[in-house]
Amino acid sequence: MAAENTGKNSLESRGFWPFLRRWIPTSTDHIINAEKRLLSLVKTPYVQEQVNIGSGPPDSRVRWFRSSSNEPRFINTVTFDSKDDSPTLVMVHGYAASQGFFFRNFDALASRFRVVAIDQLGWGGSSRPDFTCKSTEETEDWFIDSFEEWRKAKNISKFILLGHSFGGYIASKYALKHPERVQHLVLVGSAGFSSETERITKFLSTWKGSIMNQIWESNFTPQTIIRGLGPWGPDLVARYTSARFIKYSTGELLTESESKLLTDYVYHTLAAKASGELCLKYIFSFGAFAKSPLLHSASEWKVPTTFIYGFNDWMNYEGAQEARKHMKVPCEIIRVPQSGHFVFIENPSAFHSAVFYACRRFLSPDPDSESLPEGLTSA
């Protein structure tokens with residue numbers, strides 16, 4: 001399997017991180033090596049590269065590369081072999097994840113697309129600049145502008161954009177800002193379409209809710225716990241992955257090898273220096289409700305969109321249904337059985353069918369004759 005690693009991507013920065021590394025058994029090399037071991041399960045050849053996106057876009061409203069050295073930043077990228085005429089599918093991971101989470105999907109999707117998957121800035125094997133954003137707008141620009149610089153560096157003019165969860169939120173915001181680049185938007189369990197509920201509002205008015213909200217606003221993330229456990233962190237991650245991805249079974253359970261490699265990969269991506277993860281309190285209020293809900297922008301949508309949700313997804317598809325009422329472009333909502341928020345891991349075969357159907361006008365000579373694959377439900 002081909003692999004290419006250009007440029008220098010360092011997790012080092014000023015402050016306490018170099019000292020913490022003595023306690024936390026991870027590094028950039030650990031992340032990339034864990035990624036290679038996980039992707040050894042994929043049969044399709046690929047190229048891994050660190051795409052140089054410079055030291056800051058000239059027209060960005062936020063200096064998202066701020067550091068003492070103004071060193072160039074890199075986006076960790078994997079590109080899979082494909083036929084020359086295949087449409088390009090760019091895949092963007094969610095919060096507390098990275099591109100390797102799609103390891104069960106790359107072979108199937110690469111059979112019909114040119115698949116390119118990235119680690120967003122501040123995640124996975126990408127650069128982890130000090131996070132200096134102070135507002136929702138700045139934080140959105142951190143991800144949108146870095147993604148656009150990556151697109152320019154890769155010289156990709158038009159593409160299908162797939163985003164999962166928080167990645168769906170960023171993909172949507174990117175498509176709103178750069179609709180001419182996105183041919184179709186595939187939002188998998190996307191965050192950002194639901195507003196704060198009355199139940200959450202009431203809870204936040206209680207003393208327990210007040211404490212939980214203060215913890216949320218302090219940016220105390222799950223990764224903080226993993227780092228705090230030091231050498232015991234991998235054991236906690238192992239328990240999480242084994243429990244999280246067996247709850248919804250379809251006969252496609254993770255094998256022992258898959259589980260071990262995924263656990264190792266997840267640990268190293270979560271334990272590394274905090275960067276992109278610190279976006280949370282600026283993008284979402286407690287309960288993962290967007291501070292700038294996408295529902296409010298639905299009437300401005302310019303890109304045809306397909307929503308994909310697992311039947312047991314904790315992200316509510318009703319927010320997408322409400323948004324569809326205001327959209328002036330084609331919009332479909334597909335629900336996948338026997339799966340939850342990580343539908344692409346929990347029921348990969350049905351997920352692939354949903355993606356192929358969503359993108360049928362790019363894949364089929366007669367897309368209007370295509371019917372929704374058996375087992376999937378249209379909402």
Begin with the C-alpha distance, continue with both residues' side-chain angles, and end with the deciding distance and a verdict on side chain to side chain donor-acceptor pair (under 3.5 Å) for Thr139 and Lys134. CA-CA 7 Å; Thr139 304; Lys134 300 299 181 184; over 6 Å; no
Might you work through the salt bridge (Lys or Arg N to Asp or Glu O under 4.0 Å) test for Lys273 and Asp130, ending with a clear yes or no? CA-CA 9 Å; Lys273 177 194 168 186; Asp130 295 339; 2.6 Å; yes
Kindly indicate, with the supporting measurements, whether the criterion side chain to side chain donor-acceptor pair (under 3.5 Å) is fulfilled by Ser292 and Thr136. CA-CA 8 Å; Ser292 176; Thr136 299; over 6 Å; no
Checking Lys177 against Asp145 for the salt bridge (Lys or Arg N to Asp or Glu O under 4.0 Å) test, could you report, in this order, the C-alpha distance in whole Å, the side-chain angles of both residues, the deciding distance, and whether it holds? CA-CA 10 Å; Lys177 188 172 182 178; Asp145 292 348; 2.9 Å; yes
Please assess Arg104 against Glu258 for the test salt bridge (Lys or Arg N to Asp or Glu O under 4.0 Å), listing each intermediate value before the final yes or no. CA-CA 9 Å; Arg104 295 189 109 185; Glu258 286 178 320; 3.3 Å; yes
Under the salt bridge (Lys or Arg N to Asp or Glu O under 4.0 Å) rule, what do Glu49 and Lys154 come out as? Steps first, then yes or no, please. CA-CA 11 Å; Glu49 58 185 328; Lys154 285 290 288 180; 2.5 Å; yes
Any chance you could lay out the side chain to side chain donor-acceptor pair (under 3.5 Å) test for Thr224 and Thr221, step after step, and finish with the verdict? CA-CA 5 Å; Thr224 304; Thr221 67; 3.1 Å; yes
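Using a cut-off of 4.0 Å between Lys/Arg side-chain N and Asp/Glu carboxylate O, Arg361 and Asp368 are scored as not salt-bridged. Between Asp264 and Lys260 there is no salt bridge, since no side-chain nitrogen of the basic residue lies less than 4.0 Å from a carboxylate oxygen of the acidic one. Lys291 and Glu140 are not joined by a salt bridge, as no carboxylate oxygen comes within less than 4.0 angstrom of a charged side-chain nitrogen.
In this structure, the side chains of Pro129 and Arg73 come closer than 4.5 Å at one or more pairs of heavy atoms. Glu300 places a side-chain heavy atom less than 4.5 Å from the side chain of Leu176. Put simply, the side chain of Ser257 reaches to within 4.5 Å of the side chain of Leu41, judged on heavy atoms. Looking only at side-chain heavy atoms (C-beta outward), Phe131 and Glu277 stay at 4.5 Å or farther from each other. Cys279 places none of its side-chain heavy atoms less than 4.5 Å from the side chain of Trp142. The shortest side-chain heavy-atom distance between Ile334 and Phe307 does not fall under the 4.5 Å cut-off. Considering only heavy atoms from C-beta on, Phe106 stays 4.5 Å or farther from Thr44 through its side chain. Here the side chains of Phe103 and Tyr265 are not in contact, with every heavy-atom distance at 4.5 Å or above.
Val336 and Ala354 get closest at one heavy-atom pair: CG2-CB, 4.3 Å. Counting all heavy atoms, side chain and backbone alike, His184 lies closest to Val186 at CD2-CG2, 3.8 Å. Pairing each heavy atom of Val92 with each of Gly167, the nearest pair is CG1-CA, 4.0 Å. When every heavy atom of Ala320 is checked against every heavy atom of Ile333, the shortest pair comes out as C-CD1, 3.7 Å. Of all heavy-atom pairs spanning Lys302 and Pro304, the tightest one is O-CD, 4.0 Å. Closest of all the heavy-atom pairs between Ile31 and Thr269 is CG2-CG2, 4.1 Å.
A donor-acceptor contact shorter than 3.5 Å links the side chain of Thr263 to the backbone of Ser259. Under the 3.5 Å distance criterion, the side-chain polar atoms of Lys173 are left unmatched by any main-chain donor or acceptor of Ile144. Judged by distance alone, the side chain of Asn347 and the main-chain N or O of Ser339 form no donor-acceptor pair under 3.5 Å. Distance alone, capped at 3.5 Å, places no donor-acceptor pair between the Gln223 side chain and the Leu270 backbone. A donor-acceptor pair under 3.5 Å is formed between the side chain of Thr305 and the backbone N or O of Val303. In terms of modelled atom types and a separation under 3.5 Å, the side chain of Lys158 and the main chain of Glu180 share a donor-acceptor contact. The backbone N or O of Gly125 lies less than 3.5 Å from a partner atom in the side chain of Gln50, making a donor-acceptor pair.
To the nearest 0.5 angstrom, Phe362 atom CZ is 11.0 Å from Thr88 atom OG1. Distance check, rounded to the nearest 0.5 Å: CD of Gln183 to CG of Leu161 gives 10.5 Å. In this structure, Leu162 CG and Leu185 CG are separated by 8.5 Å, a value rounded to the nearest 0.5 Å. Atom OG of residue Ser98 and atom CG of residue Asn76 lie 8.5 Å apart, to the nearest 0.5 angstrom. Between atom CG of residue Asp119 and atom CZ of residue Phe74 there is a gap of 14.5 Å, rounded to the nearest 0.5 Å. Atom SG of residue Cys133 and atom CZ of residue Phe143 lie 7.5 Å apart, to the nearest 0.5 angstrom.
The aromatic rings of Phe147 and Tyr174 sit perpendicular, their planes meeting at an angle over 60°, well past the 30° parallel limit. Classification of the Trp123-Phe166 ring pair by plane angle, with boundaries at 30° and 60°, yields tilted. Using the six-membered ring where Trp is involved, Phe356 and His352 have ring planes that are tilted, between 30° and 60° apart.
Summarising the local packing, CD of Glu374 is surrounded by 12 or fewer heavy atoms from other residues, nucleotides or ligands at distances under 6.0 Å. Remark: Asn155 CG is loosely packed, at most 12 non-hydrogen atoms of other residues, nucleotides or ligands lying under 6.0 Å away.
One side chain, Gln99 or Glu35, offers a donor N or O that lies under 3.5 Å from an acceptor on the other.
Less than 6.0 angstrom separates the ring centroid of His164 from the ring centroid of Phe344. Less than 6.0 angstrom separates the ring centroid of Tyr169 from the ring centroid of Phe284.
The ring pair (Phe, Tyr, Trp, His ring centres under 6.0 Å) test with His341 is passed by exactly one of Phe101, Tyr95, Phe311, Trp314: Trp314.
Under a cutoff of 6.0 Å and an axis angle of 45°, Arg335 and Tyr309 do not form a cation-pi pair.
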